[in-house]
Amino acid sequence: MSTPEDDGITPVTANQLARVRSSGLWASGKEVSSDAAAVGEALFATLSGSVERQVLSTELQELVTQVQQVAVIGFPRITANDGVKLSAHTIKLKGDEPRPVVIVPAGWTPFGWVLFEYLYLRLALRGYHVLAYTPRGIGQTFPVPGGGYVDSPFTSGGTVDVAGPSDWADGSTVIDYAQQHFDPSRVAFLGESYGSGISQLVAALDPAGRVDAVVALSTWGDLAEALLGNDTRHLAAVETLVAFTGGPEDRKFDPATRQLLDDFREGRNLEDVRAWALERSPRSYTEETNGRGVPTFYSNTWHETLFPVNGALATFEALTVPKRLNLWIGDHAAPEGTGLTVPGPNVPVDEALAWLDHHVLGVEGEVPGWEPVKSQVMFEPAVRETSASWADVTKKTERLYLAGGNGGQDGTLGASPAAGWKASFTTGRLTEATAVDDLLTTGQQEWKGNPKTYATGKFDRRYLATWTSAAGARRVRGIPRVRLTLTPAAESATLVAYLFDLAPDGTARIITHEPHTLTGAEPGKAVDVSWNLQAAAYDIAADHKVLLVVNAKDKLYSDANPDLATLSVGSTTGTEAHLDLPLG
């Protein structure tokens, strides 16, 4: 009898599919779920004929059979302009009727295009040709005895260009291939994460303007802000992405990119890093997208730890094309990840495909009646609100002034300006007030209905300061903003602000947060600082309070403070410290 070890393919079971649906795409902040990867690999093995026995569940085998009856499957390698070979996968519908093609650049994972094989089969049955490919440099590569490396079938050659000019050119080359192979009636790009950014960039920059629509899931708009928002380096996000490339750093990145990564890690030449990132940001090319009128669908999450939501919102607002923005509970790829990998209900993907069908296939459906923005309210998944634009989400702003409390440490948030107080705390230590326990997986639990509960009694006042409002119902909708007077201990200082929903029993849930780093300061000299927190949609109950916490360190970010120094925050007359709370 055959065993899984005979061909290296683990059979997919109904229980395995259920685990992916219940647990999500991420096993940890640096690992894709082995169950999700196994589903993609088993589908590939079946479609390619590399396995002779049945390794799929009944449901998936029926799906494969349906697609095989109406399409021809291929696994080409597409040659880029510079000779790099891109791993690709095609599903070409049979018949002479003109059909559109959906091109899917893979996300930034070690598994390249194979992770979303289920999606390609769905697209084919909806009436699309499909061309999926792995962007250059992405994918598993394994050392072999005696030296050298061997790549997986889903890995593309070359080094990672991080959505740069080589990736744009590759996207155009893939369109060339699609036109030759499919003779499509229209061309659409659909991407998740890294692939969503590449999709937008190719749509804006393809020399022939051949992209007719873009679906961008768990997307990003401003890479510079994602890397260096408020002059604070997002170290944990970058290290996670580097680990996800599928091989050693010196093999995956060319020397120039490795130098940029080193500069980023060490805090050197950050203006060069910023310029490099801006060149790779869809936000930099919204004028081109608008000029081409490319309909664009955005999906993002409130607690994005890889590509914070504000950058995507700013990019979306700059678009004047037919557009849609869905905002969800959770973190990167938590909402749509399972809908791209396994069968089962998934509203985020279902809505994305309905939108694509309307703009590319011409299906009327419900899409013409959709408002441009639809937001899920934390942590009430059944509550979704629509608006005509992101700007319309916020109806008014409540200004809550910070006042000093016991020694300035436990302060209040109130309606009256307060000045002359100061709260001091020590730098260099992580606190229980933190953005997430784990990158990706904390937000994945939020999506599954299990948001983190904070025990605020454990917030160590030696290393942070707090301010609490009176109880009262509030509908937080939009981007909060904090203003403080900071007395730094050195020429640079990092603060992290967190906004919590505080329950009567002293437990809390996080609403939003954001770091800020002051540079070029004079040690010991007070200076006013203000910064936006990440956007949120959150309902605070009538017997709950708003809790603002400020500390000096979070494991997601760089820390510009001297270790175990004293930072002071306070309020000065005329520029009183306050929290601007957007309300719906």
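All figures in this text were calculated on a predicted structure; none of them were measured in a lab.
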Can [X] and [Y] be counted as having a side-chain donor-acceptor contact under 3.5 angstrom?
| X | Y | answer |
| --- | --- | --- |
| Asn290 | Tyr285 | no |
| Asp437 | Thr442 | no |
| Glu351 | Asn326 | yes |
| Thr173 | Asp176 | no |
| Ser196 | Thr219 | yes |
| His303 | Glu446 | yes |
| Ser152 | Thr155 | yes |

Got a sec: does the CD of Glu287 have more than 12 other heavy atoms crowding it under 6.0 Å? no

Does a sphere of radius 6.0 Å around CD in Glu366 hold more than 12 heavy atoms from other residues, nucleotides or ligands, not counting ones at 6.0 Å or beyond? no

Closest approach of [X] to [Y] (non-hydrogen atoms, all atoms of both residues):
| X | Y | result |
| --- | --- | --- |
| Ser387 | Val393 | OG-CG2, 3.4 Å |
| Ser87 | Arg77 | CB-NH1, 3.5 Å |
| Arg21 | Gly344 | CD-CA, 4.1 Å |
| Thr315 | Pro282 | CG2-C, 4.2 Å |
| Leu439 | Ala236 | CD2-O, 3.9 Å |
| Asn300 | Ala312 | ND2-CB, 3.8 Å |

Which residues share a side chain to side chain contact (heavy atoms under 4.5 Å, CB included) with Pro100, sequence neighbours left out: Tyr128, Ser185, Arg186, Val360, Leu361

Run the side chain to side chain contact (heavy atoms under 4.5 Å, CB included) test against Glu371 and tell me which residues pass, sequence neighbours left out. Thr386, Ala388

Could you measure the distance from the [atom1] atom of [X] to the [atom2] atom of [Y]? Nearest 0.5 Å is fine.
| X | Y | atom1 | atom2 | answer |
| --- | --- | --- | --- | --- |
| Asp167 | Leu201 | CG | CG | 8.5 Å |
| Phe297 | Leu353 | CZ | CG | 9.0 Å |
| Leu121 | Gln68 | CG | CD | 9.0 Å |
| Met378 | Thr301 | CE | OG1 | 10.0 Å |
| Leu25 | Glu31 | CG | CD | 12.5 Å |
| Glu239 | Phe244 | CD | CZ | 12.5 Å |

List the steps and the verdict of side chain to side chain contact (heavy atoms under 4.5 Å, CB included) for Thr90 and Val72. CA-CA 8 Å; Thr90 59; Val72 177; over 6 Å; no

Between the main-chain N or O of [Y] and the side-chain N or O of [X], is there a donor-acceptor pair closer than 3.5 Å?
| X | Y | answer |
| --- | --- | --- |
| His359 | Ala213 | no |
| Glu317 | Trp390 | yes |
| Arg324 | Pro372 | no |
| Arg210 | Ser172 | yes |
| Arg122 | Pro343 | no |
| Ser281 | Ser284 | no |
| Asp438 | Thr441 | no |
| Thr134 | Phe154 | yes |
| Ser23 | Val20 | no |
| Thr109 | Phe111 | yes |

Would you say [X] and [Y] make side-chain contact, with heavy atoms under 4.5 Å?
| X | Y | result |
| --- | --- | --- |
| Val174 | Leu131 | yes |
| Leu56 | Val39 | no |
| Leu223 | Val162 | yes |
| Asp331 | Glu304 | yes |
| Trp276 | Leu227 | yes |
| Gln376 | Leu327 | no |
| Val202 | Val211 | yes |
| Ser299 | Pro335 | no |

side-chain hydrogen bond (donor to acceptor under 3.5 Å, both in side chains), that's the test. Do His332 and Ser193 meet it? Break it down for me. CA-CA 8 Å; His332 193 74; Ser193 186; 2.7 Å; yes

Applying ring-ring contact (aromatic ring centres under 6.0 Å, His included), can you list everything that pairs with Phe75, at least two apart in sequence or on another chain? Phe44, His89, Trp113

Verdict with supporting geometry, Leu190 and Leu119, side chain to side chain contact (heavy atoms under 4.5 Å, CB included): CA-CA 10 Å; Leu190 184 157; Leu119 167 69; 3.8 Å; yes

Mind running side-chain hydrogen bond (donor to acceptor under 3.5 Å, both in side chains) on Gln200 and Thr296 for me, showing each step along the way? CA-CA 8 Å; Gln200 295 175 73; Thr296 303; over 6 Å; no

Check whether NZ of the Lys or CZ of the Arg Lys323 lies under 6.0 Å from the centre of the six-membered ring of Tyr298 and within 45 degrees of that ring's axis. no

Is the distance from the ring center of Phe307 to that of Trp108 below 6.0 Å? no

Residues Thr79, Lys85; criterion side-chain hydrogen bond (donor to acceptor under 3.5 Å, both in side chains); working and verdict: CA-CA 5 Å; Thr79 303; Lys85 302 289 187 181; 2.7 Å; yes

Just say parallel, tilted or perpendicular for the rings of His181 and Tyr177, cut-offs at 30° and 60°. parallel

Which class fits the ring pair Trp328 and Trp447: parallel under 30°, tilted 30 to 60°, perpendicular over 60°? perpendicular

Could you check Thr141 against Arg251 for side-chain hydrogen bond (donor to acceptor under 3.5 Å, both in side chains), going step by step and ending with a plain yes or no? CA-CA 9 Å; Thr141 182; Arg251 178 174 169 84; 3.0 Å; yes

Looking at Asp161 and Arg136, does any basic side-chain N land under 4.0 Å from a carboxylate oxygen? no

Show your working on salt bridge (Lys or Arg N to Asp or Glu O under 4.0 Å) between Arg126 and Asp357 and close with a plain yes or no. CA-CA 8 Å; Arg126 296 175 87 93; Asp357 289 348; 2.6 Å; yes

